Each structure stands twice: as structure tokens, then as C-alpha cells.
Amino acid sequence: MGRHRGSGTSTRPAADPPSGSVLRARVALLALLGSVLVPLIVAGLRSVLWALAGLAGLALAAVGVWWTLAHTGVLRVLGAVLSVAAPLAVLALYASSGMLGPACLSLALWALAVAAAHTALAPSHTTRQPRTAETPHSPWILMNPRSGGGKVDRFHLAEKARAAGARVVLLEPGQDVVDLARRAVAEGADLLAVAGGDGTQALVAEVAAHHDVPFAVIPAGTRNHFALDLGLDREDPAASLEALTDGVELRVDLGFAADRVFVNNASFGTYASVVADPAYRDAKVHTALQTLPELLTSKDAPALRMRAGGSEAEGLQALLVSNNPYRRAVDSAHPGRRERLDSGRLGVLCVRVGNTAQAARLVRGPRSGSVMRLSAEEVVVEADSDAVAVGIDGEYVTLPAPVVCRSAPAALRVVVPRHRPGVRASGGPADWPRVARLGLGRLAPHRRRGVPAT
């Protein structure tokens, strides 16, 4: 699974960790200890039984979700009931035995421990430092009036962009986005921008990267995942127009699936097949529930194979390749976010759940054998068919198999406002051995002697 190897040695002593990081590491260790001690003090060794009961409830809930997604008729109804009834039954059992309060306190302490550990390991610089952007003389902005339920009109984006000196083009149905962007560059545009969804942004970003022209994002789509990870204000799309007058420039990566660019991710398997249904746009939940049973349990269900570095996986039902790795699947503060956009690596998430037993084992996380997470510079996706369905930033396409996904490091110059609400210090997943060394004052002592870590 995506290994990192150092390319050299350094004899420069590592700087001591900041006191704030040490304090957060100690808070994390104390909170983790408290999350274990609370149930032990209240219930003694019986707390182990309560923990097992909680895990059993989660496993039954996972089975219920599997039945709901993979079956129809009576099994789907039973699955829906089980997915709700199992956790409620565990909560009722805890409440009747006086363990509900301690269990909630233990969970809260565990959440605090994870959050503190996450921030304690925050590196001092998670992305390349931005530089002041040159003010564009001829900025060009493509706006999709239909994106995000009409955000372009609701926030008066076209009028505000023209007032800032930009040339605005309103996208009409059937127009070729790439052709429009290429013509804009040929006519002298020195900045390309998009007010629309992530799929449209990816198309224009490819043109901007090819011509080494700065690119700007106006979050006027529905989800705006790329804007989120750039730290932009998704609640006020007009605020991003400040990039035209007071901006800084970042260098970020682009992902490629064959010859198609993605700024967020390329999804293979079940999700891509669901998106391919014409009814999905107007009725997402209904279409997914109607389509998934055939995709998950049919003999003709797509089975994918993946190769990335030294890792391989087969029989996959879903595979997500992202432009830079996402955080862990569960991140209560910012689910589905990427730590950085300039690591030069792809994130890979593989899912294989073919029966009830595998669904129940999902509660074990990565150890379940049904979920694999890794990162790599290149990923090869294979299938038993000549073509593979892919959802590229939410847009459905078919690509000839095998599909080679790769990262193009620092390919895109992105101009963003100097002041962005989503910019903050961030850290990696909780690495408890490192947190313990940091909290106890013994963080990587071998580095201080000038020997590189392995």
C-alpha cells in the first residue's frame, strides 16, 4: 500500500516541536486514557461486555444497510428496520443499565482525543507558500446560470464580475466548454475562471494548465468540493471575485483518468453506473435505490481490479481515485476533505462488500478486508469489459479499459483571494505512536542526531 521512501539524508538537526503541539498531544493522550477509564470505573470488567454489545449493534446496523442497498422487497424493508432498530436497541440497553451517560462521555473523550491528536501532528507547512498574484488585465469568467439552483443570478455574479473588469460568458446548453476556454486564451485572456460545478471547472482548468494561464474558482455549483479544499467561502460565491484584485497564487495538482482531467476524483464501479442513469439528475435517492441491487448482487455486476505501486486488489465494487488523498472516511469536523492539493499523489479508496458477512465486518474499518486506503502516483484500473464507466467530478463518461490514472504535480496555477475563511493549520490522521512520543517529550530522538527516519 503506497509506501514513501526518502531520497536522501540530512545532517541538519530537526527543530523542536512547538509547545502548542506538545500540549495538544498531552490532551489527546489524557482524553484517550479517560475514554478507557470512564467505563472501567463505572462498570469494571463488565464494560468489556458493553463494548461488545455496542460493536454487535454496529455490525447489525451495517448488515441492515447492506440489505437495504443490495436487495428489494421484504429484505429491503427488513434491512431498513434493522439498520435503525439495532443501534436504538443498544442505546436502550445502555440506558436501562445506567451506562448511557458513561458511554456518551467515553465517546466524547475519544472524539476529543482524535481531534487533539490530529492537530498536534499538524506540519508547519502543508502546502507550498502562495505568492502575490499579478492583477489580470483581461480576465475571462465562464458562468453556468443553472448551477447550484441559480447561484449566478441569486448572487448577481455576472454584474459583480463585469464591475471588476472581467469578461463574462454565460454558458448555454450544448456549448463546448473546452472550445470556449481555448478561444478565450487565443483572444488574449490572462486568467480563466469558472462559476459553476466541479465538472465544468475541471474542463476549464485543463485548458488553463495547458496554456500556463492562472485559473480561479467561483463556488457557484451544488457541492463545490474543489472550492472547499481551496479554502473559499462557499456561502458567498461573490467573495471569490476578490481574487481578481487582491489575490495570491497557488500551485496545485491535477488528476488524470486516461486523458480526462479531474480536480476532485474519478469514481469507478457502482457510483459511476448509478450516475449514468438519466433519471439520476432529477431523483438521486430513488434512482440509486432502484439501481444498486442489480449492481451489487447480479452475476453481471461490474468487478474491478486495481494496481497501484506494490498493491493490488480485485473483485472491487467501488473504487475512488482522488486528486490528492482525502482524510479518513470519518472526520466529524470536515468530512470528505483533503489535507493538501499539492502532494503529487493520488488517493485511492477501494470497497469490496459482496455478502452479509463482509458487510458486518465493515465495523472493523481497514482491518475488515473490505476497505483499502492508500496513495500512489499512478493507479491502473482494469475490468472484464472493453470499457469502464467513470464518474469524473460527478460527470459520467466511459473510458477504454484499462484506465491509467496519474497525478500531474503542480500543473495548475490557481488564484484565490488573499483572505479565505477555510484556510487553517491542519494535520494528518492520528498517528498514536508519534502522538505519545510528542506528548512524552520523546518525538523522533533519532532525527535530532541527524539520522533520517525510516
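Here the structure is a predicted model, which is why all the values come from computation and not from measurement.
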**Request:** Determine the sole option in V207, V204, L192 for which the side chain to side chain contact (heavy atoms under 4.5 Å, CB included) test with R182 is passed.
**Result:** V207
**Request:** Can you spot which of S147, P219, P237 makes a side chain to side chain contact (heavy atoms under 4.5 Å, CB included) with N224?
**Result:** P219
**Message:** Rounded to the nearest 0.5 Å, what separates atom CZ in R24 from atom CG in L29?
**Reply:** 13.5 Å
**Message:** If we count only N and O atoms by modelled type, under 3.5 Å, do the side chains of T200 and N144 hold a donor and an acceptor together?
**Reply:** no
**Request:** Run the salt-bridge test on D212 and R413 with the 4.0 Å N-O cut-off and return the result as yes or no.
**Result:** yes
**Asked** Looking at R307 and E382, does any basic side-chain N land under 4.0 Å from a carboxylate oxygen?
**Response** yes
**Message:** Are more than 12 heavy atoms, taken from residues, nucleotides or ligands other than D386, located less than 6.0 Å from that residue's CG atom?
**Reply:** no
**Message:** Show, in sequence, the C-alpha distance, side-chain angles and deciding distance for R338 and N264, and conclude whether the side-chain contact (heavy atoms from CB on, under 4.5 Å) test is met.
**Reply:** CA-CA 9 Å; R338 289 164 284 186; N264 292 322; 2.6 Å; yes
**Asked** Is it true that a side-chain atom of R420 and a backbone atom of L232 form a donor plus acceptor pair closer than 3.5 Å?
**Response** no
**Heavy-atom pair with the smallest gap, counting every atom of C350 and M306** = SG-CE, 3.6 Å
**Prompt:** Can you tell me if CD on Q175 sees more than 12 non-hydrogen neighbours from other groups inside 6.0 Å?
**Reply:** yes
**Message:** Check this for me: E187, atom CD, are more than 12 non-hydrogen atoms of other residues, nucleotides or ligands nearer than 6.0 Å?
**Reply:** yes
**Item:** Closest heavy-atom pair and its distance - V416, A243
**Value:** C-CB, 3.7 Å
**Prompt:** Do N265 and D393 have side-chain N/O donor and acceptor atoms under 3.5 Å apart?
**Reply:** no
**Asked** Should the heavy atoms of other residues, nucleotides or ligands under 6.0 Å from CD of E378 be counted, would the total exceed 12?
**Response** yes
**Request:** Taking R26 for its side chain and S21 for its backbone only, find out whether a donor-acceptor pair lies under 3.5 Å.
**Result:** no
**Request:** Taking all heavy atoms of E206 and all of F256, pick out the closest pair and write down the distance.
**Result:** OE2-CE2, 4.3 Å
**Prompt:** Looking at CG of D246 and OG1 of T135, how far apart are the two atoms once the value is rounded to the nearest 0.5 Å?
**Reply:** 8.0 Å
**Prompt:** Is R373 reaching over with its side chain to a backbone N or O of Y326, donor-acceptor style, under 3.5 angstrom?
**Reply:** yes
**Item:** Side-chain ion pair, R305 and E314, N-O less than 4.0 Å
**Value:** no
**R345 CZ to S407 OG distance, which is reported to the nearest 0.5 Å** = 9.0 Å
**Message:** Using modelled atom types and a 3.5 Å cut-off, is there a donor and acceptor pairing between side-chain atoms of D253 and backbone atoms of S343?
**Reply:** yes
**Message:** Checking side chain to side chain contact (heavy atoms under 4.5 Å, CB included) between F262 and each of D198, L254, I392, which is the one that passes?
**Reply:** I392
**Item:** Nearest heavy atoms of S138 and G188, plus distance in Å
**Value:** CB-O, 3.7 Å
**Item:** Shortest non-hydrogen separation from L157 to M143 and the atoms involved
**Value:** O-CE, 3.4 Å
**Prompt:** So does H210 have more than 12 non-hydrogen atoms from other groups sitting under 6.0 Å from NE2?
**Reply:** no
